[in-house]
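Worksheet for the structure shown next.
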Amino acid sequence: MCNAVRERGQKLMAAKQGAFVTEITPRSEDFSRWYTDVIRRAELADYSPVKGSMVIRPYGYAIWELMQAELDRRFKATGHVNAYFPLFIPESLLRKEAAHVEGFAPQVAWVTRGGDEDLEERLVVRPTSEAIIGTMYAKWVQSWRDLPILINQWANVVRWEKVTRLFLRTTEFLWQEGHTAHETEAEAEAEALRMLGVYKEFVEQELAMPVLDGRKTDSEKFAGAVHTYSIEALMGDGRALQAGTSHHLGQNFAKVFDIKFQARDKSVQFVWQTSWGMTTRLIGGVIMVHGDDSGLILPPRIAPHQVVVVPIPRGNWRETVLPRAQAIADELRTAGTRVLVDDREEYSPGWKFAEWELRGVPLRLEIGPRDIERGQVVLVRRDTREKLPAPMDGLPERVRALLATLQEDLFERARRFRDERTQRAATRDAFRELLEGRPGFVIAPWCGAADCEARIKADTQATIRNIPLDPPSPSGPCVECGAGGQVDAWFAKSY
RNA sequence: CGGGGCGUGGCUCAGUAUGGUAGAGCACUCGGUUCGGGACCGAGGGGUCGGAGGUUCAAAUCCUCCCGCCCCGACCA
């Protein structure tokens, strides 16, 4: 109660001091609350009556659609095709791969009844689709000529999570899962790495989120994989977020699902497989990497509205200002920019400024009678709040250039933050100090033993996020046990 | 799943120690004046207090059980 009173007091103070938005908890005060406040106030998502499950609202879904389009384009460009497999998987199929079941069993939702009859065999609601897809691949592959199979699926999956958070971990979530089958181990390995590269490029280019690409340790890899690659991003509170994973499955699933083919040398072989996925969690990542105390900041490339036009009503503005605003919007649209004209009369311009900042629109375009006299508009960047008067002539080009700059600047800012929060530790004590002082990535030599990894996790909560591809030689002995270091690993507390 | 916190109009909360039948601000509706950083005046609508039991003449308030959300830990995208 005391807290509530104090908080309200602080919010009022903030308002008096000229802060623009007072309806969300400041990021520095309580990062978690800030995160959920932003999501709800920006209308990205809402809690649903189903425990652990959320509703993705139109504005949030529009972001997902833009991500989907960009990812899908990249999948097609690398020769993949989309298909759809069933939501339900017979228990017996899931059980075939021992490590796989073991990994997923605690998170699986079961269907035991259909209508008014008990099922003869229980079904699981897919937590991932290796089992059902492997079963189908066994039917489709006879010869080396049938390979590779490069299929992607856009779907929902269910994992019975104990603790859920909007976007980051919900019982049901949306994702994309690629499942490929190849003739050789080298080909599968190349595919796993290629898709990791696609993910990195996508996240950095479209989401302006710098990521570290690397390999997971054995204890962190996907259940049933030979090895797992991931890209890891650093959130605004210094915790890491796994933004995408790509697995080399070897022949583990091929052997249990019997996916065989006649090879070029006429021998019968098992296929080599990969799988890779990205989820709606990325939306949570975008919020936590770019957002500020005023709310969301969306990278232009995934912003549902890249520009919001706010006409300033004054005098007979409906005859003068509004038509100009509409004309400018049309011009921008023709040039390929996503524009919204906020012509609502029930809200003041100031209210609209705050509202669209909260919703993360990258660029605001103000146009009023004064501007029209001068043949200009006022552009305002969401990230820096800079006000930039711009002549009406050549506006589409100016806006496009500004959006591109903003996209780059967001990436640069995030990269600088990540770099500032990435430190090296050579000793056990230094490692612990760094983690407690300024949360972020800590690079430290590791001997490769699962024990050391587990011990570090147990007393610092930090895990090895991944080990960079082509790691340099270790910088010293293992931070935990002092034995010869094998690699420099990237540690962090994570979501 | 363990520890802690919280559920009262759409939102933020007051009211709960001392039971007497629900209030504020914001939001919303209508009318008018406004509008270059969350405008103002006037008139309205809306809650049975997370749910179910119980105690009592009387329960938001006391008791029991259940549910949900948030935060911190063990598991995961």
Side-chain angles (χ1 to χ4, degrees), chain A residues 1 3-5 7-8 11-12 15 18-25 30-33 35-37 40-41 46-54 103-108 127-128 157-177 199 216 219-223 228 230-233 241-247 276-285 294 310-315 317 321 344-358 364 366-372 377-378 380 385 387 389 454 457-459 461 463 493-495:
Chain A
M1 261 174 242
N3 272 345
V5 170
E7 269 166 34
R8 200 148 51 167
K11 283 178 184 175
L12 288 171
F20 295 120
V21 173
T22 55
E23 292 181 22
I24 52 183
T25 308
D30 184 340
F31 195 85
S32 294
R33 264 189 69 177
Y35 175 76
T36 47
D37 284 352
R40 300 187 69 181
R41 277 292 286 115
D46 203 354
Y47 294 104
S48 77
V50 188
K51 172 151 72 162
S53 297
M54 67 174 189
F104 282 104
Q107 293 182 271
V108 155
T128 180
V157 286
V158 167
R159 297 184 186 176
W160 217 257
E161 297 288 351
K162 289 166 183 162
V163 177
T164 58
R165 302 198 63 199
L166 293 172
F167 288 115
L168 299 177
R169 187 175 297 104
T170 47
T171 301
E172 177 184 1
F173 58 93
L174 303 183
W175 77 346
Q176 140 295 297
E177 49 180 325
Y199 284 165
K216 287 288 193 186
S219 65
E220 298 275 333
K221 76 182 182 193
F222 175 74
T228 289
S230 76
I231 52 173
E232 304 279 335
L241 182 79
Q242 180 172 302
T245 52
S246 180
H247 317 289
W276 25 274
M278 268 196 169
T279 80
T280 37
R281 161 182 262 198
L282 285 172
I283 297 172
S294 300
V310 180
I312 308 300
R314 177 115 4 120
W317 69 286
V321 178
R344 292 176 294 178
E345 297 189 21
E346 63 271 33
Y347 295 107
S348 69
W351 190 92
K352 292 175 184 176
F353 297 167
E355 183 68 9
W356 292 113
E357 278 173 11
L358 174 52
R364 176 171 78 241
E366 302 174 17
I367 176 166
R370 292 207 301 263
D371 297 307
I372 290 174
V377 299
V378 176
V380 185
R385 287 218 176 76
K387 294 201 174 190
K457 183 175 177 179
D459 52 71
Q461 295 160 39
T463 50
K493 294 183 189 178
S494 73
Y495 277 99

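In what follows, every chain begins at residue 1, and chains take the letters A, B, ... in the order their sequences are listed.
- Residue A:Tyr495 contributes atom OH, which lies 15 Å from atom P of B:A74 at whole-angstrom precision.
- Protein atom CG of A:Leu358 is 14 Å distant from nucleotide atom C1' of B:G37, rounded to whole Å.
- A:Thr228 contributes a side-chain N or O that, together with a main-chain N or O of A:Phe222, makes up a donor-acceptor pair within less than 3.5 Å.
- The backbone N or O of A:Lys162 sits nowhere less than 3.5 Å from a side-chain atom of A:Gln107 that would complete a donor-acceptor pair.
- Of the P atoms belonging to B:A74 and B:U16, the separation is 40 Å, rounded to the nearest Å.
- One atom, CD of A:Glu161, and another, P of B:C1, lie 14 Å apart when rounded to the nearest Å.
- Comparing the C1' positions of B:C41 and B:U8 gives an interatomic distance of 30 Å, to the nearest angstrom.
- Between the A:Ser48 side chain and the A:Ser53 main chain, a donor and an acceptor come within less than 3.5 Å of each other.
- B:C63 and B:C70 have their C1' atoms separated by 26 Å, given to the nearest Å.
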Open item on the list: For A:Phe353 and A:Val380: C-alpha separation, side-chain torsions, deciding distance, then whether side-chain contact (heavy atoms from CB on, under 4.5 Å) applies.
Closed with: CA-CA 10 Å; A:Phe353 297 167; A:Val380 185; over 6 Å; no
Task: Working for side-chain contact (heavy atoms from CB on, under 4.5 Å), residues A:Gln242 and A:Glu220 - done: CA-CA 11 Å; A:Gln242 180 172 302; A:Glu220 298 275 333; 5.8 Å; no
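- With C1' as the reference atom, B:A52 and B:C67 are 10 Å apart, rounded to whole Å.
- Within 4.0 Å of A:Thr170, counting heavy atoms only, lies at least one base atom of the nucleic acid.
- The pairing partner recorded for B:C69 is B:G5, the criterion being a Watson-Crick or G-U wobble arrangement whose two distances lie under 3.5 angstrom.
- The NZ-P distance, from A:Lys162 to B:C76, rounds to 10 Å in whole Å.
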Open item on the list: Is there a salt bridge (charged side-chain N to carboxylate O under 4.0 Å, His left out) between A:Lys51 and A:Glu161? Walk through the geometry before answering.
Closed with: CA-CA 10 Å; A:Lys51 172 151 72 162; A:Glu161 297 288 351; over 6 Å; no
Please list each protein N or O that sits under 3.5 Å from an N or O in nucleotides 67-70 of chain B, with the distance.
from  : atom 1 : to      : atom 2 : distance (Å)
B:G68 : OP1    : A:Lys51 : NZ     : 2.9
B:C69 : OP1    : A:Gly52 : N      : 3.3
B:C70 : OP1    : A:Tyr47 : OH     : 2.6

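- If you check B:A43 for Watson-Crick or wobble pairing at under 3.5 angstrom, you find it paired to B:U29.
- Protein atom CG of A:Asp459 is 14 Å distant from nucleotide atom C1' of B:G73, rounded to whole Å.
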TODO: Step by step, work out the side-chain contact (heavy atoms from CB on, under 4.5 Å) result for A:Thr245 and A:Lys221.
DONE: CA-CA 9 Å; A:Thr245 52; A:Lys221 76 182 182 193; over 6 Å; no
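- One C1' atom belongs to B:U61, the other to B:G23, and the distance between them is 15 Å to the nearest Å.
- B:G23 is paired with B:C13 under the criterion used here, namely a Watson-Crick or G-U wobble arrangement in which both key atom distances are under 3.5 Å.
- The heavy-atom pair separating A:Leu168 from A:Tyr35 by the smallest distance is CG-OH, 3.4 Å.
- At least one donor-acceptor pair closer than 3.5 Å links the side chain of A:Lys352 to the backbone N or O of A:Arg344.
- For the pair A:Asp30 CG and B:G5 P, the interatomic distance rounds to 17 Å; values are reported in whole Å.
- Within 4.0 Å of A:Val163, counting heavy atoms only, lies at least one base atom of the nucleic acid.
- The nearest whole Å value for the distance from the CD atom in A:Glu355 to the P atom in B:C26 is 18 Å.
- In this structure, B:A39 shows a glycosidic angle more than 90 degrees from zero, which is the anti conformation.
- You'll find the side chain of A:Arg314 stays beyond 4.5 Å of the side chain of A:Val321, heavy atoms only.
- Judged by distance alone, with hydrogens and angles left aside, A:Gln461 brings no side-chain donor or acceptor close enough to the base of B:G73 to form a pair under 3.5 Å.
- Rounded to the nearest 0.5 angstrom, A:Ser230 OG and A:Leu241 CG are separated by 10.5 Å.
- Summary of the strand contacts: A:Ala223 and A:Trp351 both lie near RNA chain B, and taking for each the nucleotide with the nearest heavy atom, the more 5' one is attributed to A:Trp351.
- B:G46 sits 12 Å from B:G10 when the P atoms are compared, rounded to a whole Å.
- Classification of the A:Trp175-A:Phe173 ring pair by plane angle, with boundaries at 30° and 60°, yields perpendicular.
- Across the strands present, B:A74 finds no partner; the criterion is a Watson-Crick or G-U wobble pair with both atom distances under 3.5 angstrom.
- Across every strand in view, B:G37 sits unpaired, with no contact that passes the Watson-Crick or G-U test at under 3.5 angstrom.
- Not a single donor-acceptor contact under 3.5 angstrom links the side-chain atoms of A:Arg159 to the base of B:C76.
- Nucleic acid contact for A:Leu168: base, since at least one base atom lies under 4.0 Å from a heavy atom of the residue.
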Polar atom pairs (N or O), protein with nucleotides 49-51 of chain B, under 3.5 Å:
none

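- When the P atom is used for both B:G42 and B:G25, the distance is 12 Å, rounded to whole Å.
- On the P atoms, B:U29 is 44 Å away from B:C65, given to the nearest whole Å.
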Task: Under 4.0 Å protein heavy-atom contacts per nucleotide of nucleotides 29-36 of chain B, with B for base, S for backbone only and - for none - done: -----BBB
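- Residue A:Arg344 contributes atom CZ, which lies 14 Å from atom C1' of B:A27 at whole-angstrom precision.
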- [ ] Give the intermediate values and the outcome of side-chain contact (heavy atoms from CB on, under 4.5 Å) for residues A:Tyr199 and A:Met278.
- [x] CA-CA 8 Å; A:Tyr199 284 165; A:Met278 268 196 169; 3.4 Å; yes
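- Remark: side-chain polar atoms of A:Tyr495 are not paired, donor with acceptor, to backbone N or O of A:Arg169 under 3.5 angstrom.
- Applying the Watson-Crick and G-U wobble criteria (two distances, each under 3.5 Å), B:U48 pairs with nothing in any strand.
- With a 3.5 Å ceiling on both atom-pair distances, the Watson-Crick or G-U wobble partner of B:C62 is B:G54.
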